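Down below is the structure, laid out as structure tokens.
First listed ligand is number 1; within each ligand, the first listed atom is number 1. Here the structure is a predicted model, which is why all the values come from computation and not from measurement.
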Amino acid sequence: MNITDVRVIVTSPGRNFVTIKIVTDEGITGVGDATLNGSELAVVAYLTEHLRPLLLGRDAGRIEETWQYLYRGAYWRRGPVTMPAIAAVDTALWDIKGKAAGMPVYQLLGGASRERIMVYGHAQGTAVEETVADVGRFLARGYRAVRAQVAVPGLSGTYGVGSDGDRYEPASIGLPEETVWSTPEYLAHAPELFAEVRRVHGYGFHLLHDVHHRLSPIEAASLGKALEPYRMFWIEDPTPSEDQSAFRLIRQHTTTPVATGEIINSIFDCQWLITERLIDYIRTSVVHAGGITHLRRILALAELYGVRSGSHGATDLSPVCLAAAVHVNTAVPNFGIQEYMPHTPETDAVFPHSYRFDNGHLMPGGDPGLGVDIDEDAAAEHPYEPAYLPVARLRDGSVHDW
Ligand code: GCO
Ligand code: MG
């Protein structure tokens, strides 16, 4: 079965998504997510100008060989632009293989290790009481795990707190929004939230928090210690993720579990974090970590060291990525948890899918392949809109990690 076409589709049903559709001479097609939030067109150019010519005429069944060809063959390796492009090709080829075999992709990965995928939802609020009430709403809907974020008084645009009800969408149309950050003010305020969440809702569910790369190692260690009484499932990205040795210092001071990985693109960027047991959850994704083929390799390494997966699932990861994640999560032995932010009805209409949410869990559905597609006519109704992620500055005006 040979590849006859590679279509790169950009659509913006409320936010931008880049999707590829690989077409074969047997009429079977496959889809892959290539969305890089805020830099979408860089991936589009890489796919269209550089990968498409290499793919036309190739055997669609040779998934591993194609991955090696695109990764090793390019000489320039890793990075946030090329890896989602390779990931999208890889994901689409798994979709095609599943359809050709008449099986859901998780069957090709070894079959189901579990019946359902535990997800965590996003509780948020502009004040502690609001977030506490929001946590209650998630628990009432059957969620077993909830991430809690609260605005820091006096700081504009605290990460993780949006204005659109359940949905938090950091990217905005036009030039980047500028937000203000103050670590001392955050550290003085945040522990109060978790004390209050546990006081009101108890300990019978998993509680998570995203620090979003903002702290120094010693600040992160002190936060981890302060949160120990609240038995967190994890603190996420306490320090900038690329500084692997920072996690050693955090580890030396606290037993609060640590997760990182959403900006990591390859096994080489988290090898040391895993083999030195500096984290508890590797939070990579199909789109950013090189597709199903490469993510599986990362998770196999993690399994050896007792590190579990924590699949990144913000709304900028399209339903195609979420579908692929659900198959990986179903199959791998060391699945931990899946982030779940429901997409908008407009997005779901562009990406019909068979995975479904039920009572705090996701289920893959039984369709052959990934069980997700892109409706190209519906996609064409939502043209691309340039958007950026915010930039964070300290009170003195200097740039900080967003
Ligand atoms: C998360 C993430 C996201 C990212 C977003 C950037 O844990 O869900 O931190 O909210 O900020 O994916 O594009
Ligand atoms: Mg995060």
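Atom numbering of ligand 1 starts at 1 in the shown order; those under 4.0 Å from a heavy atom of N37 are 6 (C), 13 (O). Here is the list of ligand 1 atoms found below 4.0 Å of a heavy atom in H312: 1 (C), 2 (C), 3 (C), 8 (O), 12 (O). Listed by number with element, the atoms of ligand 1 under 4.0 angstrom from any heavy atom of E339 are 1 (C), 7 (O), 8 (O).
On a distance-only criterion, D210 and ligand 1 share at least one N/O pair closer than 3.5 Å. Considering both main-chain and side-chain atoms, W402 never comes within under 3.5 Å of ligand 1 through any nitrogen or oxygen pair. Taking any N or O of H212, backbone or side chain, at least one lies under 3.5 Å from an N or O belonging to ligand 1. The N/O atoms of R283, backbone and side chain alike, include one that comes under 3.5 Å of an N/O atom in ligand 1.
The aromatic rings of Y159 and W402 sit perpendicular, their planes meeting at an angle over 60°, well past the 30° parallel limit. Relative ring orientation between F351 and F17 is described as perpendicular, the plane-to-plane angle rising above 60° on a 0-90° scale split at 30° and 60°. Ring geometry, H353 versus Y355: the interplanar angle falls under 30°, so the pair is classed parallel (tilted spans 30 to 60°).
Among heteroatoms of the N, O or S kind in E262, OE1 lies nearest the Mg ion (ligand 2). The N, O or S atom of E236 with the smallest distance to the Mg ion (ligand 2) is OE2.
Nearest protein heavy-atom neighbour of atom 7 (O) of ligand 1: E236 OE2, 2.8 Å. The protein atom (non-hydrogen) at minimum distance from atom 5 (C) of ligand 1 is D316 OD1, 3.5 Å. Atom 9 (O) of ligand 1 has its closest protein heavy atom at E262 OE2, 2.6 Å.
To the nearest 0.5 Å, the span separating CG on N329 from CZ on R114 amounts to 7.5 Å.
Counting only N and O atoms by type, the side chains of W94 and T293 include a donor and acceptor under 3.5 Å apart. Using modelled atom types and a 3.5 Å distance limit, the side chains of T254 and E228 yield a donor-acceptor pair. At a cut-off of 3.5 Å, with distance as the only test, no side-chain donor of Q149 or T158 sits close to an acceptor on the other residue.
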Could you walk me through whether E169 and T315 pass the side chain to side chain donor-acceptor pair (under 3.5 Å) test, one step at a time?
CA-CA 7 Å; E169 179 51 74; T315 39; 3.1 Å; yes

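Two rings, from F357 and Y143, have their centers less than 6.0 Å apart.
Residue-level proximity to ligand 1 for H288 is absent, since no heavy atom of it falls below 4.0 angstrom.
Within a 6.0 Å sphere centred on CZ of F268, other residues, nucleotides and ligands contribute 12 heavy atoms or fewer.
Residue contacts to the Mg ion (ligand 2): D210 brings an N, O or S atom closer than 2.8 Å.
Closest heavy-atom approach to atom 10 (O) of ligand 1 among the candidates Y168, Y120, Y159: Y159.
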